[in-house]
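Computed from heavy atoms alone, side chains included, the values below leave out hydrogens, waters and symmetry copies.
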Amino acid sequence: MTQKSPVSRKNAAETVFEDLRGAILAGRLPVGTRLPSEAKLAGHYGVSRPIIREAMRSLQTLGLTRSRSGSGSFVISDRHAPELAYGSYSAREMIEARPLIEIPAAGWAALRRSPEDMARLLQLCDGMERQEDALKWVRLDSDFHCLIAEAARNRLFVRIVADFREALMRQSELVNLMADRRATSNSEHRRIAQAIATGSETEARAAMRDHLDVVEQAMTWITSQRAARS
């Protein structure tokens, strides 16, 4: 790593992530290397510790580093993992399962949402569109998908979405860092919310299906990038 001048908040995590990822893949940070602490990395790049944390989580998702409690983060591979994992769930499992849960949930939400649900959903859209902090945006994104499950008035949908919420956040972080999806996601979320607001089950299902299809396309692109860099 070379000393970096402070970077803008908008692309800070992406800059840190790509610099560290490039150093690991090129062998400048060999396997077994203990990475500097969050505080030292934050000072090196001129960014906040949460931004460092975001970049480090995505490096772990790619299988390049591992955090050891009390010892710090270490480089464990100079090649991307053959399959991405977000904690308990793999990228493949998320891609396969989310449409089976979230598309029908969006449809039921259009039929069953309360005025309070609708107000909160639109507030989340407004918040995501205004939010520049990537970590806060990811949390709002997960709130949006959890609220749709709640608005569907189906406790199984709520429990399942809550169970993979952490994986959903990890996926959003990686997609945002590597595929720059936030602005497009905001438009897709707004379309889903508006379809639910009109009470159209068909439109809500279609909007959610289109959103998840684009997420899958982004993950396919990321996988191809991983293969090219491995």
Side-chain angles (χ1 to χ4, degrees), residues 1-91 94 128 131-143 164-183 185 215 218-219 221-230:
M1 297 181 295
T2 57
Q3 184 63 42
K4 301 291 181 181
S5 59
V7 293
S8 67
R9 174 174 293 276
K10 184 175 182 180
N11 67 356
E14 181 181 355
T15 298
V16 174
F17 168 73
E18 288 296 347
D19 190 61
L20 290 172
R21 183 172 75 118
I24 293 170
L25 296 178
R28 297 192 300 277
L29 290 173
V31 173
T33 298
R34 183 179 183 274
L35 295 176
S37 67
E38 281 185 8
K40 288 183 178 179
L41 286 171
H44 176 79
Y45 288 101
V47 298
S48 66
R49 291 178 67 173
I51 284 173
I52 296 297
R53 206 167 298 135
E54 179 187 358
M56 294 297 292
R57 277 196 295 265
S58 290
L59 290 173
Q60 289 184 54
T61 299
L62 290 176
L64 298 175
T65 65
R66 178 176 297 160
S67 178
R68 299 173 185 169
S69 180
S71 300
S73 294
F74 293 80
V75 178
I76 62 171
S77 177
D78 58 3
R79 295 175 178 272
H80 294 118
E83 183 173 29
L84 292 179
Y86 314 113
S88 302
Y89 301 105
S90 71
M94 292 286 288
M128 281 185 283
Q131 187 57 251
E132 294 185 0
D133 184 293
L135 288 177
K136 291 179 181 178
W137 186 93
V138 163
R139 293 189 190 100
L140 292 174
D141 177 33
S142 67
D143 288 344
F164 68 67
R165 178 172 182 161
E166 179 64 27
L168 175 63
M169 293 174 67
R170 293 277 292 274
Q171 184 184 65
S172 288
E173 285 180 348
L174 183 63
V175 169
N176 289 339
L177 284 176
M178 295 191 69
D180 193 19
R181 277 262 308 145
R182 277 172 57 190
S185 286
V215 172
M219 289 307 305
W221 178 83
I222 289 172
T223 300
S224 70
Q225 294 296 301
R226 290 166 53 241
R229 295 291 294 270
S230 298

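Across every non-hydrogen atom of D78 and V31, the tightest pair is N-CG2, 3.7 Å. Shown here for Y89 and A167, the closest heavy-atom pair between the two residues is CD1-CB, 4.1 Å. Considering all non-hydrogen atoms of both residues, P36 and L41 come closest at O-CD1, 3.5 Å. In terms of heavy atoms, M219 sits closest to V175 at SD-CG2, 3.4 Å. Of all heavy-atom pairs spanning D19 and R28, the tightest one is O-NH2, 4.5 Å. Residues L168 and S142 approach most closely at CD2-CA, 4.0 Å, considering heavy atoms.
Here the CE-CG distance, from M128 to D141, works out to 6.0 Å after rounding to the nearest 0.5 Å. Put simply, CE on M169 and CH2 on W137 are 11.0 Å apart, with the number rounded to the nearest 0.5 Å. The CG atom of L59 lies 9.5 Å from the CG atom of L174; values are rounded to the nearest 0.5 Å. To the nearest 0.5 Å, atom CG of residue L64 and atom CZ of residue R79 are 11.5 Å apart. Atom NE2 of residue H44 and atom OG of residue S37 lie 12.0 Å apart, to the nearest 0.5 angstrom.
Formation of a donor-acceptor pair under 3.5 Å by the R182 side chain with backbone atoms of Q131 is found in this model.
Residue pairs meeting the side chain to side chain donor-acceptor pair (under 3.5 Å) criterion with at least one member in residues 55-72, sequence neighbours excluded, are R57-E173, T61-R170.
Considering only residues two or more places apart in sequence or on other chains, Q171 meets the side-chain hydrogen bond (donor to acceptor under 3.5 Å, both in side chains) condition with R98. Taking D143 as the reference, R165 meet the side-chain hydrogen bond (donor to acceptor under 3.5 Å, both in side chains) condition, with sequence neighbours excluded. For R49, the salt bridge (Lys or Arg N to Asp or Glu O under 4.0 Å) partners at least two apart in sequence or on another chain are E38. Applying the side-chain hydrogen bond (donor to acceptor under 3.5 Å, both in side chains) rule to Y86 yields no partners; only residues at least two apart in sequence or on another chain are considered. The side chain to side chain contact (heavy atoms under 4.5 Å, CB included) check on T33 picks up L29, P30, V75, with sequence neighbours excluded.
The shortest distance between side-chain heavy atoms of I51 and Y45 does not fall below 4.5 Å. Residues V16 and E54 have side chains not in contact (no heavy-atom distance under 4.5 Å, counting atoms from C-beta outward). L35 is listed as a side-chain neighbour of M56, based on a closest heavy-atom distance under 4.5 Å. Residues L84 and L62 have side chains in contact (heavy-atom distance under 4.5 Å, counting atoms from C-beta outward).
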